[in-house]
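So you know, we letter chains A, B, ... as the sequences are listed, proteins then strands, and number each from 1.
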Number of protein chains: 2
Amino acid sequence: MQTATHASVAPIRFVPRATAAAIDDAPTPLKTQCSTCHLKDLCLPCGLTGTDVERLDGLKFARRRVKEGQAIYHEGDKFQFIYAVRSGTFKSTLNLRDGREQVTGFQMAGELLGLDGLASGKHASTATALEDAEICAIPYAHLSELASTSTDLQHVISRLMSREIVREHSLMMLLGSMNAEERLAAFLLNISQRMKARGYSASEFHLRMSRAEIGSYLGMKLETVSRTFSAFAHQGLLEVDKKHVRITDLPGLQQAFELRVQ
Amino acid sequence: MQTATHASVAPIRFVPRATAAAIDDAPTPLKTQCSTCHLKDLCLPCGLTGTDVERLDGLKFARRRVKEGQAIYHEGDKFQFIYAVRSGTFKSTLNLRDGREQVTGFQMAGELLGLDGLASGKHASTATALEDAEICAIPYAHLSELASTSTDLQHVISRLMSREIVREHSLMMLLGSMNAEERLAAFLLNISQRMKARGYSASEFHLRMSRAEIGSYLGMKLETVSRTFSAFAHQGLLEVDKKHVRITDLPGLQQAFELRVQ
DNA sequence: CGCAGGGTTGAAACCTCTCAAATAAAGTGG
DNA sequence: CCACTTTATTTGAGAGGTTTCAACCCTGCG
């Protein structure tokens with residue numbers, strides 16, 4: 001549904017896991033401009049004035065298609081690009097010793113990926129497409145060069161990083177002090193809000209992630225996620241059919257979540 | 001023990017909660033330089049070359065004493081300063097609806113506080129001293145002005161923010177996939193490492209936070225924290241007496257933690 | 001000296017996890 | 001196009017770990 005508006009983009013070949021980093025070094029040389037992007041109010045240009053947005057157009061970055069299941073970078077890969085999601089949904093994950101993965105976030109259109117790579121020069125997580133997607137690959141060197149000519153742009157980047165910190169704070173609160181129902185309610189309300197901000201229905205949507213991925217993100221087992229979905233359905237808060245969700249009692253769902261959180 | 005090295009600083013009066021923000025507007029006008037600070041390898045100047053560190057000296061910021069229990073900013077306060085811990089320990093907290101608080105981090109000498117305020121211009125958390133402490137209050141406006149003259153300084157700030165994101169990632173992993181023993185082991189090893197980096201013993205230290213605060217941070221109840229301490233003691237991994245901890249089997253503790261994490 | 005706050009420990013309740021089985025959907029290959 | 005396999009999801013029952021409630025100890029302080 002989200003990819004429908006970007007049909008005129010050259011597809012890139014599928015890149016197997018071991019060499020996925022290689023695509024970072026040779027992005028499709030297709031130029032894109034921020035000033036005319038339909039996501040400019042959500043994405044990098046958000047908060048910038050006309051002149052600064054135009055300055056952003058000086059950035060030479062490429063659009064890329066990413067197939068479902070394909071990673072745009074892996075934990076440990078050299079950090080060179082920041083990625084903006086144009087369409088589709090991604091998950092960010094950390095690898096656990098026993099081979100399992102911990103989901104640290106889901107990213108939707110207009111959201112940025114890869115900011116955790118600045119710390120050490122290597123990506124600290126892996127970003128994988130949950131459906132066929134499209135991204136802008138922004139060379140960090142160019143971006144920071146550009147930022148040195150505009151304090152406003154500097155602030156925007158700092159603000160975006162700060163937002164990520166704040167987001168993770170609330171996730172820590174969720175993981176540290178909420179039970180299963182509160183966690184899932186918080187998750188669904190968050191998705192609902194983000195769908196709404198992107199012009200989709202806030203009450204009915206298609207989850208792109210599996211029960212296991214939701215569980216990993218929320219710190220619970222997939223069976224518990226499934227059970228909690230069923231419990232919400234029995235309570236009349238929503239209707240679920242696999243990944244399709246329809247919220248039928250938004251205030252009720254908010255109450256299930258707001259029992260604890262400020 | 002940490003405060004002993006900084007005795008020649010004018011004390012500030014205790015400021016009650018409601019007006020604590022006021023001290024932000026009138027910091028003690030005592031100038032400090034980064035280039036001669038004993039924390040320069042841990043703190044803001046970390047990674048900067050000689051010339052850039054000198055440029056940091058152009059920053060006019062004040063040192064301040066903070067009494068145990070006093071907050072340097074509260075959730076919702078206007079964001080103006082970034083704070084560097086000179087001595088002492090702080091906790092960062094979020095308020096929960098039911099009046100309880102969620103601890104999102106502990107900060108030691110050389111670590112920064114307040115970066116979460118950039119996102120919205122208001123502090124997203126509260127920072128409270130766990131013991132008498134000393135901080136540098138760095139006006140963010142000055143810092144970002146200075147950063148516009150040095151790309152290296154820009155990078156340092158970005159890197160520090162990114163580090164915070166990475167730190168929170170691993171905490172999410174901890175909260176999402178570890179049991180009580182793994183959590184406490186991870187916490188103690190982290191504290192141990194940070195003590196070591198500051199020139200203190202890695203194996204014997206005094207915790208500045210209560211069982212309840214540790215529990216809030218680690219997503220467990222204070223009784224469980226206490227029980228897990230006792231369990232470690234029974235296993236011969238450490239000796240505990242209230243807040244005093246001596247790690248007697250570091251490899252054993254690491255094993256208790258590394259069972260899951262990469 | 002009594003009290004409050006922080007810490008420890010015990011026992012039972014409760015929630016989530018684990019293990020297991022059944023179902024449905026989707027992909028595979030003849 | 002149909003059996004077959006694989007994967008995702010749901011649901012049940014019992015195990016297990018953490019929380020809850022409670023009692024008790026210790027220390028510092030007015």
Exercise. Using whole Å, report how far NZ of A:K242 lies from P of D:dT7.
Key: 16 Å

Self-check item: Distance flag, aromatic centroids of B:Y83 and B:F90, threshold under 6.0 Å
Solution: no

Practice problem: Please round to 10 degrees the angle between the axis of the first five pairs and the axis of the last five pairs in the helix from C:dC1-D:dG30 to C:dG30-D:dC1. | Solution: 30°

Quiz item: What integer distance in Å separates B:E223:CD from C:dT8:P?
Solution: 11 Å

Practice problem: Mind calculating the distance between CD (B:E182) and P (D:dG16) to the nearest angstrom? | Solution: 17 Å

Quiz item: Does A:R211 make a cation-pi contact with A:F229, if we ask for NZ or CZ under 6.0 Å from the ring centre and within 45° of the axis?
Solution: yes

Practice problem: Could you work out which one of D:dT11, C:dC17, D:dT19 sits closest to the side chain of A:K221? | Solution: C:dC17

Practice problem: Look at all strands and tell whether B:T224 reaches a base, only sugar-phosphate, or nothing, counting heavy atoms closer than 4.0 Å. | Solution: base

Exercise. Compare side-chain N and O positions of A:K243 against OP1 and OP2 of D:dA8 and report whether any pair is under 4.0 Å apart.
Key: no

Quiz item: Rounded to whole angstroms, how far apart are NE2 on B:H244 and P on C:dT8?
Solution: 14 Å

Quiz prompt | B:R100 CZ to D:dT20 C1', straight-line distance once rounded to whole Å | solution = 13 Å

Self-check item: From CA spacing to verdict: side-chain contact (heavy atoms from CB on, under 4.5 Å), B:Q107, B:S92
Solution: CA-CA 8 Å; B:Q107 288 78 30; B:S92 294; 3.1 Å; yes

Quiz item: Under 4.0 Å between a side-chain N or O of A:S226 and OP1 or OP2 of D:dA8?
Solution: no

Exercise. Apply side-chain hydrogen bond (donor to acceptor under 3.5 Å, both in side chains) to the pair B:Q102 and A:H169, showing each step before the final yes or no.
Key: CA-CA 9 Å; B:Q102 167 73 38; A:H169 274 177; over 6 Å; no

Quiz item: Rounded to the nearest Å, what distance is computed from the CZ atom of residue B:R211 to the C1' atom of nucleotide C:dG5?
Solution: 14 Å

Exercise. Look at B:R86 together with B:E111 and state whether they make a salt bridge at an N to O cut-off of under 4.0 Å.
Key: no

Practice problem: Respond yes when some side-chain nitrogen or oxygen of B:S230 is under 4.0 Å from OP1 or OP2 of C:dT9, and no when none is. | Solution: yes

Exercise. Quickly work out the B:F229 CZ to C:dT8 P distance and round it to whole Å.
Key: 8 Å

Practice problem: Taking side chain to side chain contact (heavy atoms under 4.5 Å, CB included) as the test, write out the residues that go with A:A124, two or more places apart. | Solution: A:D116, B:V166

Exercise. Would you confirm whether the ring centroid of A:Y200 sits within less than 6.0 angstrom of the ring centroid of A:F205?
Key: no

Quiz item: Could you give the CZ-to-C1' distance, from A:R227 to C:dA22, as a whole number of Å?
Solution: 14 Å

Exercise. Indicate, with a heavy-atom threshold strictly under 4.0 Å, whether B:G215 touches base, sugar-phosphate, or nothing.
Key: nothing

